[in-house]
Amino acid sequence: MNGVHDMGGMHGMGPIRYVKSEPVFHAPWEGRVLAMVRAVQATGKIGGGLRPAIENITAAEYLRMSYYEKWFAALVERLVESGLVTRDEIENGRPAKRSAKAVPVLTEANAATYPTREVSARRNVPAAARFQSGQRVRAHNLHPVTHTRFATLRAREGGYDRA
Amino acid sequence: LCSCYPWPVLGLPPVWYKSAPYRSRAVIDPRGVLLELGTSLPDDVEVRVWDSTAEQRYMVLPERPAGTETLSEEALAALVTRDAMIGVAKLTPPQTEDHR
């Protein structure tokens, strides 16, 4: 996707607002959003995490929203998509009548160790390396409609290190 | 150049790290970004940008400050800052008694 979230290389975003010693959360609700996201992710029912929903936020909104505002908006979308919660339930703040009560995966007992558990991103895809270290390569000018890790590299040339 | 960051090692990232100005410019003007964050590098120092993703993290080993040859591992570790681990700051040598 050619979205505003792939902002590497853009101009016009203004000065960096560096704060010497920043609080971890700037408001209590930010911590609650982080905790809710972790608890929902622990269910394993929102494959792909928040990223797809965050990347679907429209450009003007994306630039306006704070980090945890984006998280919250994306969490709502993913909760509804995954069937864990209905939009009515979000709006009412109450479970629908006769809805099943889920058993939380993230509990008080495992919450402290959950963030540092080992999760491998390694995928066992049989593929041979097409390039050798040190080789000059040029990236395709690709613009897929879905997520890409390619954005900053598009149509650029450089030395291949390793993948 | 998203907000990916090694949470288990450094904790949650600061707002500036996740913000549009840093994310957009770090890759095209790293020297300018460092200067804006208070780190001025001479022209003969090469700058490399390592772009963390959701799957891949980079550990940047901060350069050892001058005059720390006799320090223990614990004393060296105490000099390390979050910003040096992100790669946007150099470590400052320990304050000696003369500087107090």
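Each chain gets a letter, A, B and so on, in the order the sequences are listed, and its residues count up from 1.
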According to a 4.5 Å side-chain heavy-atom criterion applied to Ile, Leu, Val, Met, Phe, Trp and Tyr, with indirect links allowed, do [X] and [Y] form part of one hydrophobic cluster?
X     : Y      : value
B/I86 : A/V19  : no
B/L35 : B/V27  : no
B/Y58 : B/L61  : no
A/W71 : A/L106 : no
B/L12 : A/Y67  : yes

Taking B/R23 for the side chain and A/G9 for the main chain, is one N or O donor matched with an acceptor at less than 3.5 Å?
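Answer holds: no.
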
So with a 6.0 Å cut-off around [atom1] of [X], is the heavy-atom count from everything else above 12?
X      : atom1 : answer
A/R32  : CZ    : no
A/E157 : CD    : yes
B/R48  : CZ    : no
A/R64  : CZ    : yes

[atom1]-[atom2] distance between [X] and [Y], expressed to the nearest 0.5 angstrom:
X     : Y     : atom1 : atom2 : result
A/M10 : B/I28 : CE    : CD1   : 10.0 Å
B/W16 : A/E22 : CH2   : CD    : 9.0 Å
B/Y17 : A/Y18 : OH    : OH    : 13.5 Å
B/W7  : A/L34 : CH2   : CG    : 5.0 Å
A/L63 : B/S19 : CG    : OG    : 11.5 Å
A/K20 : B/D83 : NZ    : CG    : 7.0 Å

Could you tell me which portion of B/V9 (side chain, backbone, both or neither) has an atom closer than 4.5 angstrom to a non-hydrogen atom of chain A?
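Neither part; nothing is under 4.5 Å.
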
Full working for side chain to side chain contact (heavy atoms under 4.5 Å, CB included) between B/Y22 and A/M7
CA-CA 10 Å; B/Y22 179 76; A/M7 55 177 63; over 6 Å; no

Minimum heavy-atom separation for A/P15 to B/R25, with atom names?
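The pair with the smallest heavy-atom distance is CA-NH2, 3.8 Å.
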
I need the minimum non-hydrogen distance between B/P21 and A/G14, along with the two atoms involved.
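That closest heavy-atom pairing would be CB-O, 3.2 Å.
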
Given the options B/P14, B/P8, B/P13, which has more heavy-atom pairs under 4.5 Å with chain A than any of the others?
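It is B/P14.
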
Under the criterion side chain to side chain contact (heavy atoms under 4.5 Å, CB included), I'd like the reasoning laid out for A/I16 against B/V33: C-alpha separation, chi angles, the key distance, then a yes or no.
CA-CA 8 Å; A/I16 298 166; B/V33 164; 3.7 Å; yes

Flag the pair B/V15 / A/H26 as yes when at least one side-chain heavy-atom distance between them is below 4.5 Å, and no otherwise.
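Touching, per the 4.5 Å side-chain cut-off.
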
